[in-house]
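Have a look at the structure below, then the notes.
Both counts, for ligands and for their atoms, begin at 1 and track the order of listing.
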Amino acid sequence: MQVVILKDALEVANYGAKLFCQQLQIKPNSVLGLATGSTPVALYKEITSLYKQQKISFAQASSFNLDEYLGLSGDHPQSYRYFMNEQLFDHIDINKSHTHVPNGNAINPIAACQDYELAIRQAGGIDLQLLGIGRNGHIGFNEPSSSLSSRTRIKTLTQATIDDNARFFADDEYQPELSITMGIGTILESRKVMLLATGAAKAEAIKNMIEGPLSASCPASALQLHNDAVIVIDEQAATLLEHQQFYKQIEAQNQKLQQKLADLPR
Ligand code: F6R
């Protein structure tokens, strides 16, 4: 795991946006894995700004979102499809028919999960998967005890996740307790993953993910198995890490190496 510790949420968003730029420069028709929630909002703002400055284009790209609430259609304001349109897709040049979010309103949701896996495979697999992390260590909606080799499926949300996400729903509004989510096995097949986390509330999950044992109790710890996972966090989310200084040292060395490679005669 590459652990990048930055000053604050803004630096985390900018770092993430830069990585998206690099990905699309190397491969304009990249298949991007996207996430919802509070964490990526600043990243999507920065990406939108880079697009407006013509520094990034999604014209050839396609995308697959991690998850969706079961029972909400894409035009429901709390659905993740709606969120993605509002926060990103409506502001960039991506072809909307190339953006995929699990269908929370499918007549046969089990078949919809299988279709989603197939669509990812047919697109050639995900090149760069963006992730957030729940306070309980979930990635996507893979809650603690999820199989580390799980595929896209229906998943029951824990009370902790329901409570965490209640802030998005009005008091008298229906809040789903089930979701469709990519599995951990699905996520691990992405060629590169980038997990963003900010704020003290995520510090324990971050510690468990990076320094805890590989365990279904912390689904994000499965990223220890990925050979190209970058964890981008702010100082507050890093506070419980035992080896913080070591990660910073590695990052400084990485940057020196990158500079040396960039300076090589072509
Ligand atoms: C969202 C998702 C979730 C969130 C996680 C953190 O698509 O898959 O795993 O990334 O719940 O959410 P925030 O960023 O709101 O703290």
May I have a table of the N/O to N/O pairs between ligand 1 and the protein that fall below 3.5 Å, each row giving the two atom names and the distance to 0.1 Å?
{"residue": "ligand 1", "atom": "7 (O)", "partner": "Thr36", "partner atom": "N", "Å": "2.9"}
{"residue": "ligand 1", "atom": "7 (O)", "partner": "Thr36", "partner atom": "OG1", "Å": "2.8"}
{"residue": "ligand 1", "atom": "7 (O)", "partner": "Asp67", "partner atom": "OD1", "Å": "2.7"}
{"residue": "ligand 1", "atom": "7 (O)", "partner": "Asp67", "partner atom": "OD2", "Å": "3.4"}
{"residue": "ligand 1", "atom": "8 (O)", "partner": "Asp67", "partner atom": "OD2", "Å": "2.7"}
{"residue": "ligand 1", "atom": "9 (O)", "partner": "His138", "partner atom": "NE2", "Å": "3.4"}
{"residue": "ligand 1", "atom": "9 (O)", "partner": "Gly140", "partner atom": "N", "Å": "3.4"}
{"residue": "ligand 1", "atom": "9 (O)", "partner": "Gly140", "partner atom": "O", "Å": "2.7"}
{"residue": "ligand 1", "atom": "11 (O)", "partner": "His138", "partner atom": "NE2", "Å": "2.7"}
{"residue": "ligand 1", "atom": "14 (O)", "partner": "Ser38", "partner atom": "N", "Å": "3.3"}
{"residue": "ligand 1", "atom": "14 (O)", "partner": "Thr39", "partner atom": "N", "Å": "2.9"}
{"residue": "ligand 1", "atom": "14 (O)", "partner": "Thr39", "partner atom": "OG1", "Å": "2.5"}
{"residue": "ligand 1", "atom": "15 (O)", "partner": "Ser38", "partner atom": "N", "Å": "2.8"}
{"residue": "ligand 1", "atom": "15 (O)", "partner": "Arg167", "partner atom": "NH2", "Å": "3.0"}
{"residue": "ligand 1", "atom": "16 (O)", "partner": "Lys202", "partner atom": "NZ", "Å": "2.6"}

All salt bridge (Lys or Arg N to Asp or Glu O under 4.0 Å) counterparts of Arg121, not counting sequence neighbours: none

Heavy-atom check, side chain of Tyr116 versus side chain of His100, under 4.5 Å: yes

Donor + acceptor pair across side chains of Ser73, Arg81 (<3.5 Å): no

Joint hydrophobic cluster, Ile180 plus Leu34, side-chain heavy atoms closer than 4.5 Å: no

Parallel, tilted or perpendicular, as decided by the 30° and 60° cut-offs, for the rings of Tyr80 and Tyr69: tilted

Check: Thr198 and Leu196 side chains under 4.5 Å, non-hydrogen atoms: no

